[in-house]
Protein chains: 2
Amino acid sequence: MNLPKSEEQLMQYLWEMEKAFMKDLIEKYPEPKPASTTIATLLKRLLDKKAIGFKKYGSVREYFPLISKEAYFSNQMNGVIKNFFNDSVSQFASFFTSKENLTDEQLKELQDIVQQQINARKK
Amino acid sequence: MNLPKSEEQLMQYLWEMEKAFMKDLIEKYPEPKPASTTIATLLKRLLDKKAIGFKKYGSVREYFPLISKEAYFSNQMNGVIKNFFNDSVSQFASFFTSKENLTDEQLKELQDIVQQQINARKK
DNA sequence: TTTATTATTCTACATTTGTAGAATAGAATT
DNA sequence: AATTCTATTCTACAAATGTAGAATAATAAA
């Protein structure tokens with residue numbers, strides 16, 4: 001699933017809120033907000049793609065994501081890693097740690113995170 | 001600079017080759033290759049966007065990237081990190097190490113990479 | 001119940017993207 | 001020189017995307 005920018009943005013809000021009525025979503029947008037019909041269109045397109053679902057409360061719909069942020073993101077990353085680092089995760093990691101402007105603290109954090117992960121696995 | 005898939009693919013080849021004549025690019029594509037005019041169109045669009053340039057050899061053009069793979073990729077990543085991890089690199093790293101299906105070896109590699117990076121910095 | 005408000009669907013339309021045929025120009029080959 | 005091949009530009013067009021007005025339905029407020 002690869003969503004266009006505008007829909008991804010909306011998903012972002014929805015992931016954040018977990019579930020929301022249209023009006024809540026509209027509120028999320030910063031000024032200048034898009035027309036409400038624009039948002040309605042996006043919701044409809046996302047429904048068609050089965051990226052979101054809704055539960056009816058009377059006649060009002062409460063929307064919620066059908067694909068998790070994790071799954072979606074993971075998918076995006078795989079694409080990036082495949083395309084830019086011919087599928088080598090470590091090549092990616094290497095690039096990431098050196099080129100991405102990580103501060104020393106962040107690098108240290110990363111070290112901890114990796115260590116934790118390693119510990120968590122050897123059980 | 002955010003390029004559409006088809007152009008990104010072409011850039012990918014060009015980054016790999018560093019510089020290339022149109023025919024070399026065509027060769028890069030796997031079967032079924034797109035029509036040569038399709039590639040020509042993409043080259044033109046990339047020229048318009050100033051993502052690539054060319055040097056003339058007689059009447060033949062040798063194309064080359066004007067934006068580096070590093071810069072482009074870095075930009076992509078920043079977008080992803082900003083959108084998905086509200087700008088927190090470590091939050092990203094954490095997600096990456098746990099959710100991305102890293103093998104134990106890859107995780108170890110990552111550990112080394114981080115260590116190296118840390119060493120490289122404390123001069 | 002009349003009116004104003006909100007949510008949804010439909011329709012519309014300009015851009016952007018993916019793809020490629022037609023036309024043209026220069027270069028290589030016969 | 002005539003023919004063929006290659007690169008490039010132009011034009012074209014369908015599909016996807018970004019955006020929103022018009023119409024309609026359902027609800028809430030006057």
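Every chain is numbered from 1 and lettered A, B, ... according to where its sequence line falls, protein lines coming before strand lines.
Under a 4.0 Å N-O distance rule, the pair A/Lys49/A/Glu7 qualifies as a salt bridge. With salt bridges taken as basic N to acidic carboxylate O contacts below 4.0 Å, one links B/Lys28 and B/Glu16.
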Next on the checklist: For nucleotides 18-25 of chain D, give me one character per nucleotide, 5' to 3': B if any protein heavy atom sits under 4.0 Å from the base, S if the only such contacts are to the sugar-phosphate, - if neither.
Outcome noted: BBBBB---

Please produce a list of atom pairs where a protein N or O lies less than 3.5 Å from an N or O of nucleotides 4-6 of chain C.
none

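Smallest separation of non-hydrogen atoms from B/Ala20 and B/Leu25: CB-CG, 4.1 Å. Nearest approach of B/Phe64 to B/Glu18, heavy atoms of both residues: CB-O, 3.6 Å. Heavy-atom minimum distance, A/Met1 versus A/Tyr72: O-CE1, 3.2 Å. For the residue pair B/Asn2 and B/Gln76, the shortest heavy atom distance occurs at OD1-NE2, 3.5 Å.
Taking a 4.0 Å limit (strictly below) on heavy-atom distances, residues 53-64 of chain B reaches DNA chain C at B/Ser59.
By the 6.0 Å contact criterion, NZ on A/Lys33 is enclosed, its count of non-hydrogen atoms from other residues, nucleotides or ligands being greater than 12.
Rounded to whole Å, atom P of C/dT19 lies 11 Å from atom CD of B/Gln9. In this entry the distance linking NZ of B/Lys44 with C1' of C/dA23 reads 15 Å, nearest Å. Rounded to an integer number of Å, the gap from CD1 of B/Ile26 to P of C/dT19 is 15 Å. Rounded to whole Å, the distance from CE on A/Met11 to C1' on D/dT17 is 17 Å. Across the protein-nucleic acid pair, A/Asn2 atom CG and C/dT17 atom C1' stand 14 Å apart, rounded to whole Å. In this structure, CG of B/Leu46 is placed 12 Å from C1' of C/dT17, rounded to the nearest angstrom. Regarding A/Leu10, its CG atom lies at a distance of 15 Å from the P atom of D/dT17, rounded to whole Å. Summarising the geometry, the separation between CG on A/Leu43 and C1' on C/dA7 is reported as 10 Å, rounded to the nearest angstrom.
Separation of atoms CG (A/Leu110) and CD1 (B/Ile118) is listed at 8.0 Å; rounding is to 0.5 Å.
Side-chain atoms of B/Thr38 never come within 3.5 Å of backbone atoms of B/Pro34 as a donor-acceptor pair (strictly under, hydrogens ignored). The closest donor-acceptor contact from the side chain of B/Asn78 to the backbone of B/Asn75 lies at 3.5 Å or more, if one exists at all.
For B/Gln116 and B/Asp112, the side-chain atoms include no donor-acceptor pair closer than 3.5 Å.
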